[in-house]
Amino acid sequence: IMFTDVVDFTATAEKTSAGDVAALLNSHFDLLGHCIESEGGTIDKFIGDCVMAFWGAPDAQKDHADRAVRAARGIARAIAKDNAERQRQGLPPLRLRIGIHSGPVVAGNIGMTGRSAYTIVGDTVNACNRLEQLGKAVAPGEEVVMLLSGETFDLVAEDRSDLIPLGKHCLAGRTELTEIYRLPT
């Protein structure tokens with residue numbers, strides 16, 4: 001599972017017209033969506049300036065952790081390129097947090113009678129969202145901060161030598177400690 005969030009987007013939106021906010025978000029989501037979908041991910045939903053995506057449902061993907069990590073790395077490259085262009089235009093850069101976590105979920109149509117959507121739910125989803133939020137404390141000034149859980153780290157089959165162990169952290173609202181790793185940009 002992957003959650004992304006634009007850092008300080010509320011402050012940006014406050015100083016920007018509604019039309020410009022929509023254009024910025026659409027452009028941003030195009031960048032992220034291409035990276036996620038090119039690695040076989042499913043975009044679950046856009047939540048304000050956040051993206052929730054997942055791999056491994058409805059069809060199993062044994063390499064879902066590698067796919068999510070490659071997508072995150074692709075997002076970091078896309079953000080860096082986009083920020084270079086934004087700066088050429090005199091616009092402030094966007095900063096992004098990404099959290100990646102693996103574990104069991106319930107996948108299916110969730111909602112109310114007459115209105116439901118295919119989604120995933122469960123503790124793993126909640127933990128991933130909290131992992132993304134931990135980026136606020138881990139690297140507050142970075143252009144892109146990418147964190148993944150020990151559960152995902154254990155499933156990554158590709159080269160993990162550049163992943164930085166950050167130790168165990170208590171994610172907001174949880175009692176168990178979670179092993180955290182950082183993907184360098």
Side-chain angles (χ1 to χ4, degrees), residues 1-7 9-10 21-22 24-76 78-79 96-136 144-158 160 163 168-183:
I1 302 164
M2 174 188 285
F3 273 89
T4 73
D5 187 32
V6 177
V7 176
F9 189 76
T10 301
V21 167
L24 174 62
L25 286 175
N26 287 333
S27 174
H28 175 71
F29 291 150
D30 277 345
L31 290 176
L32 274 58
H34 173 74
C35 296
I36 292 165
E37 291 179 345
S38 71
E39 290 297 339
T42 299
I43 296 172
D44 185 301
K45 59 183 65 89
F46 302 107
I47 311 162
D49 58 301
C50 304
V51 174
M52 177 183 161
F54 59 86
W55 286 258
D59 298 320
Q61 295 167 313
K62 290 185 180 188
D63 63 342
H64 67 273
D66 290 302
R67 290 171 181 258
V69 168
R70 285 193 306 262
R73 292 182 194 274
I75 288 169
I79 292 293
L96 189 71
R97 292 188 306 268
I98 300 173
I100 303 171
H101 182 50
S102 301
V105 298
V106 174
N109 289 321
I110 307 287
M112 59 184 263
T113 304
R115 185 173 179 175
S116 64
Y118 184 80
T119 190
I120 58 172
V121 296
D123 180 61
T124 302
V125 176
N126 297 337
C128 186
N129 180 254
R130 299 314 189 276
L131 180 60
E132 170 269 305
Q133 293 172 9
L134 181 64
K136 293 175 188 176
V144 178
V145 60
M146 301 178 284
L147 302 179
L148 63 120
S149 66
E151 288 82 357
T152 299
F153 177 85
D154 291 343
L155 295 172
V156 172
E158 296 178 1
R160 304 181 302 189
L163 300 181
K168 293 187 177 190
H169 291 261
C170 187
L171 302 177
R174 299 178 56 86
T175 55
E176 293 183 25
L177 294 177
T178 302
E179 191 73 37
I180 308 294
Y181 292 83
R182 181 165 177 197
L183 289 165

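As a basis for the values below, the full set of heavy atoms in this structure was taken, side chains included, without hydrogen atoms, waters or symmetry mates.
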From [X] atom [atom1] to [Y] atom [atom2], the distance as rounded to the nearest 0.5 Å:
{"X": "F3", "Y": "D44", "atom1": "CZ", "atom2": "CG", "answer": "7.5 Å"}
{"X": "I98", "Y": "C50", "atom1": "CD1", "atom2": "SG", "answer": "12.0 Å"}
{"X": "L148", "Y": "L183", "atom1": "CG", "atom2": "CG", "answer": "5.0 Å"}
{"X": "E37", "Y": "L32", "atom1": "CD", "atom2": "CG", "answer": "11.0 Å"}
{"X": "I100", "Y": "L131", "atom1": "CD1", "atom2": "CG", "answer": "8.5 Å"}
{"X": "M146", "Y": "R73", "atom1": "CE", "atom2": "CZ", "answer": "6.5 Å"}

Minimum-distance pair of heavy atoms, taken over all atoms of [X] and [Y]:
{"X": "L171", "Y": "A127", "answer": "CD1-O, 3.6 Å"}
{"X": "D154", "Y": "R160", "answer": "CA-NH1, 3.8 Å"}
{"X": "G56", "Y": "H64", "answer": "N-CB, 4.5 Å"}
{"X": "S116", "Y": "N109", "answer": "OG-CB, 3.9 Å"}
{"X": "R97", "Y": "Q133", "answer": "NE-CA, 4.2 Å"}
{"X": "C170", "Y": "T175", "answer": "SG-O, 4.4 Å"}

Between [X] (side chain) and [Y] (backbone), is there a donor-acceptor pair under 3.5 Å?
{"X": "S102", "Y": "E151", "value": "no"}
{"X": "T124", "Y": "P104", "value": "yes"}
{"X": "W55", "Y": "D66", "value": "no"}
{"X": "D49", "Y": "V6", "value": "yes"}
{"X": "S38", "Y": "C35", "value": "yes"}

*For the pair K45 and T119, evaluate side chain to side chain contact (heavy atoms under 4.5 Å, CB included) and give the outcome as yes or no after the intermediate values.*
CA-CA 8 Å; K45 59 183 65 89; T119 190; 3.1 Å; yes

*Kindly indicate, with the supporting measurements, whether the criterion side chain to side chain contact (heavy atoms under 4.5 Å, CB included) is fulfilled by V105 and F54.*
CA-CA 10 Å; V105 298; F54 59 86; over 6 Å; no

*I1 pairs by side-chain contact (heavy atoms from CB on, under 4.5 Å) with which of V125, N129, N126?*
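Exactly one option meets the side-chain contact (heavy atoms from CB on, under 4.5 Å) with I1, and it is V125.
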
*Side chain proximity check, M2 to I75, heavy atoms < 4.5 angstrom*: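 M2 reaches I75 side chain to side chain.
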
